Amino acid sequence: MIDPRLLRAEPDLFRDSQLRRGADNSAVDRFLELDRSRRTAQQLFEEVRAQQKQMGKRIGPARGAEKRGELTEGQQAELARWLTEAEELSNRVKAAESEVADLEPQVEAAATEIDNLVDPDAPIGSESDFRTLHEVGKPRDFDSEGFSPKDHLELGEILRAIDTDRAAKVSGSRFFYLTGDGALLELALLNLAMNFATGNGFTPIIPPALVRPPAMAGTGFLGQAEENVYRLEADDLYLVGTAEVPLAAFHSNEILDAEQLPLRYAGFSPCFRREAGSHGRDTRGIIRVHQFDKVEMFSFCNPDEAVAEHERLLSWEQEFLDLLELPYRVIDVATGDLGSSAARKYDIEAWIPTQGRYREVTSTSNCTTFQSRRLNIRMRSKSGSPHPLATLNGTLIAMPRVIVALLENHQSADGSVAIPEALRPYLGGRDRLLPK
RNA sequence: GGAGAUGUCGCCUAGUCUGGUUUAUGGCGCCCGCCUGCUAAGCGGGUUGAGGUUUUAAGACCUCUCGAGGGUUCAAAUCCCUCCAUCUCCGCCA
C-alpha cells in the first residue's frame, strides 16, 4: 500500500515510478479522483451523523423523564417532534454512510493497483536490464581438469541423494525426495544457516506454513502472483510460497517500539509454489519445484535505516555463499522485474556448470513502508505518533538450488562431491559425499 | 468433534441482565507540572488508535474505534446473527 497522503501531495512521484516499472499509471489519477469523492462523501456523513448524535442527546434524557412521568404536555409534544426529526436524520445518515461504503472499496482497489515507489538508484528496464554489481569466485574450468561435469540430478542419483522418479510416482512432476546423504545435506545446511543467522543477531523462527487471506494479501501475493499460490478451498487457507509471509504478518496490527528496531528474524519453513506458467522450464532436477525448504531473513526497521539494512542483508547472503565456496554474481534487479512491493531488489546467482550460466539462488528486497502499511505494522518513538516502518527480506538459503550448486560445483570425475569446510562439522566431519 | 465460559482505549477493571441522563468507570503503569535538603509520599493535569475540517503555528473542532463483520432501533459496549481468538471439561489424536 502506497502512502495516500504523499500521493495526494506529489502524484508525479507515483506516475513516474509506475513508468519506470513499465507499468500502467492510470490508477494514480483514478485514485486521486475517487479519493476526492470519498472524502466529500465522508464529510457529508460526518456532518449528518453529528446532528444525529446531538439529537440523541436531547431524546435520551427526555425519554427518561417520560418514563418517570415528569413530562408536561408541551414537552411531550416536543419529544414527538424530535423523534420524527431523528427518524429523518437517521435516513440521511444511512444514505450518506452507504455512499461512503460504496466508494471505499473503489478507492482501495485503485490504491492497491499502485506499486511501491521504486528506488531512484534501481536500474531502469525489464528483466534483462539488470546491473551486475559483483562477481565473486571463478567458475571451474572442467575442460582443463579433463572431465565434463555431470548435472545435479545425475550426481544426486549416483550419490543416492535425490530421487525424482519416485517423487513423480507419489506426488507428480516437480517434486523430489532427498534420501540418505541428500537428506543429511539439507539438515546440515539448515543448521549451518541457523547458526549463522543467530550468530548475526537473528531470532530463529519456525512459522506456520498455512496462513489466512489477510497475511497473503498483506504481503502482496494475492495480486499478479496469485496464480502461483496454493489455496485450500475447504478451509480458506493458503500454503505460503515463502516464510516471508508468516514473518511479515508476525507483527501485523502491532505498534513496535522504535528503540527495539531493527527486529531481525530467520524463518525456516517449507515453501509451496504452483509454478503456473512455467511449463517446460527447468523440468529436469530440482531447480524448479512445487515444494522446498528455505531459511528466510526478515527485518523490521526504521525507514531511515532501510537502505543500509538492505546492504546488510545482501552482505549476509554473500557471506553465507562464501562459506559454501560457491562462485556467484550479484545483480541489481531492474525496475520492471521488482514485483509490486519492492523498491529495490538484489539477486544473487550461483554459477551452474552444466548450464554454463548463473542461476538465482537468493534474493533480497527492500519493501520500504509498502508492506507495513498493508499489514498495519507501525513503530513509535519516545515522542510522537506511530509511523509505518520498513520491512526487508532476504533468502539465507533455498535448499534445492543450493544443493544443485553444491553438487555441480564441488563434484569430482568419479561422481563424489567435496564438502565445503564450513559444512563438515554438520556432516560428521566428512569431507566428501561418496557414490553409493 | 461435543458442552460451557470469556473478549472493554499498555495492564487490570466498572458498565452488558433492564439500550438513551457515559465526553466508556476506577486503579496500576507511564508522561508533564506543583510541592518537598534528596528519594519516596502527596497534589493537579495528561495518557487507544485511525480519518478529516480548520489555523502561519501551537492548537481547536468533528467522525469512526468496546475481538471482527453484519442486523434491529430515532438511538447499540449493551439486543440479535455470523465469524475469529482464548480458557475449562469431555472425546479423539502425532
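What you see is a predicted model; the values in this text were computed from it and never measured. Letters A, B, ... are given to chains in the order of the sequence lines, protein chains preceding strands, and every chain is numbered from 1.
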Trainee: With a 3.5 Å limit on both atom pairs, tell me what A85(B) is paired to, counting Watson-Crick and G-U wobble, or say none.
Mentor: U6(B)
Trainee: R58(A) CZ to U21(B) P: how many Å, rounded?
Mentor: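 After rounding, the gap between these two atoms is 15 Å.
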Trainee: So does R174(A) get a backbone contact from the side chain of R288(A), meaning a donor-acceptor N/O pair under 3.5 Å?
Mentor: no
Trainee: Determine which nucleotide pairs with C61(B), using a 3.5 Å limit on both distances of a Watson-Crick or G-U wobble pair.
Mentor: G52(B)
Trainee: Is any side-chain N or O of R380(A) closer than 4.0 Å to OP1 or OP2 of G49(B)?
Mentor: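 So the side chain of R380(A) is within the cut-off, an N or O lying under 4.0 Å from OP1 or OP2 of G49(B).
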Trainee: Reckon Q52(A) has a side-chain N or O less than 4.0 Å from the OP1 or OP2 of A75(B)?
Mentor: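 It does, given that an N or O in the side chain of Q52(A) lies less than 4.0 Å from OP1 or OP2 of A75(B).
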Trainee: Once you round it to whole Å, what is the distance between P of G51(B) and CD of E108(A)?
Mentor: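 After rounding, the gap between these two atoms is 13 Å.
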Trainee: Using atom P in both nucleotides, what's the gap between C11(B) and A68(B) to the nearest angstrom?
Mentor: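 After rounding to an integer number of Å, I get 14 Å for this pair.
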Trainee: Counting just side-chain N and O atoms, does R5(A) come under 4.0 Å of either OP1 or OP2 of G51(B)?
Mentor: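 So the side-chain polar atoms of R5(A) do come within 4.0 Å of the phosphate oxygens OP1 or OP2 of G51(B), strictly under.
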Trainee: So, D165(A) and K169(A), do they make that salt bridge, N to O below 4.0 Å?
Mentor: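 Here D165(A) does not pair with K169(A) in a salt bridge, since their nearest N and O are not under 4.0 Å apart.
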Trainee: Under a 3.5 Å cut-off for both contacts, is C38(B) paired Watson-Crick or G-U wobble with anything, and if yes, with which nucleotide?
Mentor: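 No nucleotide pairs with C38(B).
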Trainee: On the side chain of R39(A), is there an atom forming a donor-acceptor pair with the base of G52(B) - under 3.5 Å, no angle test?
Mentor: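 Per atom types, no contact qualifies.
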Trainee: Round to a whole Å and report the spacing from CZ of R49(A) to P of C62(B).
Mentor: 14 Å
Trainee: Base, sugar-phosphate, or nothing: which does Q42(A) touch, judged by heavy atoms less than 4.0 Å apart?
Mentor: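 No contact.
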Trainee: Using a 4.0 Å heavy-atom cut-off across all strands, classify R8(A) as base, sugar-phosphate, or nothing.
Mentor: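 Counting heavy atoms under 4.0 Å across all strands, the contact made by R8(A) is with sugar-phosphate only.
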Trainee: RNA chain B: R378(A) or S90(A), which has the more 5' nearest nucleotide?
Mentor: R378(A)
Trainee: Pairing check on C93(B): which nucleotide meets the Watson-Crick or G-U wobble criteria with it, both distances under 3.5 Å?
Mentor: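 For C93(B), the partner nucleotide comes out as none, under the 3.5 Å rule.
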Trainee: Measure centre to centre between the rings of H290(A) and F272(A), then say whether the value is under 6.0 Å.
Mentor: no
Trainee: Taking G44(B) as the reference, what is the distance to C35(B) when you measure between their P atoms (whole Å, please)?
Mentor: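 Comparing P positions in C35(B) and G44(B) gives a spacing of 15 Å.
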Trainee: Would you mind pulling out the nucleotide paired to U23(B), Watson-Crick or G-U wobble, both distances under 3.5 Å?
Mentor: none
Trainee: Specify the residue among L83(A) and K53(A) whose closest nucleotide of RNA chain B lies further upstream toward the 5′ end.
Mentor: K53(A)
Trainee: Figure out the CZ/C1' separation between R92(A) and C74(B), and round it to whole Å.
Mentor: 14 Å
Trainee: Taking G2(B) as the reference, what is the distance to U78(B) when you measure between their P atoms (whole Å, please)?
Mentor: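 My reading of the P atoms in U78(B) and G2(B) gives 27 Å.
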Trainee: Provide the distance between the two P atoms, one in U21(B) and one in A77(B), to the nearest whole Å.
Mentor: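 Those two atoms are separated by 10 Å.
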Trainee: Using the P atom as the reference point in each nucleotide, state the distance between C17(B) and C12(B) in Å, no decimals.
Mentor: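 Per the computed distance, 24 Å lies between those P atoms.
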Trainee: Could you tell me the Watson-Crick or G-U partner of U73(B), where both distances fall under 3.5 Å? Say none if there is no partner.
Mentor: none
Trainee: How far does the P atom of G37(B) sit from the matching atom of A24(B), given to the nearest Å?
Mentor: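 Between the two P atoms, the distance is 42 Å.
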Trainee: Pick base, sugar-phosphate or nothing for E88(A), based on heavy-atom distances below 4.0 Å to the nucleic acid.
Mentor: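 Nothing, no nucleic acid heavy atom in range.
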Trainee: In the structure shown, which nucleotide is the Watson-Crick or G-U wobble counterpart of G33(B), with both distances under 3.5 Å?
Mentor: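 G33(B) is paired, partner C43(B).
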Trainee: Measuring from Y177(A):OH to I286(A):CD1, what's the distance to the nearest 0.5 Å?
Mentor: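 So the gap between those two atoms works out to 15.0 Å.
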Trainee: Between A85(B) atom C1' and N253(A) atom CG, what is the distance in whole Å?
Mentor: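 Distance check: N253(A) CG to A85(B) C1' gives 13 Å.
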Trainee: Say whether, by atom type as modelled, one donor and one acceptor occur between the side chain of S372(A) and the main chain of L389(A) under 3.5 angstrom.
Mentor: yes
Trainee: Test your reading of the model: is there a side-chain donor-acceptor pair from S341(A) to the backbone of Q371(A), 3.5 Å cut-off?
Mentor: no
Trainee: Can you tell me the distance, in whole Å, between the CG atom of D35(A) and the P atom of U53(B)?
Mentor: 10 Å
Trainee: What is the distance from CG of L237(A) to C1' of C83(B), rounded to the nearest Å?
Mentor: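 Nearest whole value for this atom pair: 14 Å.
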Trainee: Just to verify, which of E305(A), E296(A), E309(A) counts as forming a salt bridge (Lys or Arg N to Asp or Glu O under 4.0 Å) with R264(A)?
Mentor: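 Exactly one option meets the salt bridge (Lys or Arg N to Asp or Glu O under 4.0 Å) with R264(A), and it is E309(A).
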Trainee: Calculate the interatomic distance between R212(A) atom CZ and G69(B) atom C1'; express it in whole Å.
Mentor: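 It works out to 14 Å between those atoms.
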Trainee: What's the gap between A76(B) and C64(B) when it is taken at their C1' atoms, as a whole Å value?
Mentor: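 The same atom, C1', in both gives a distance of 15 Å.
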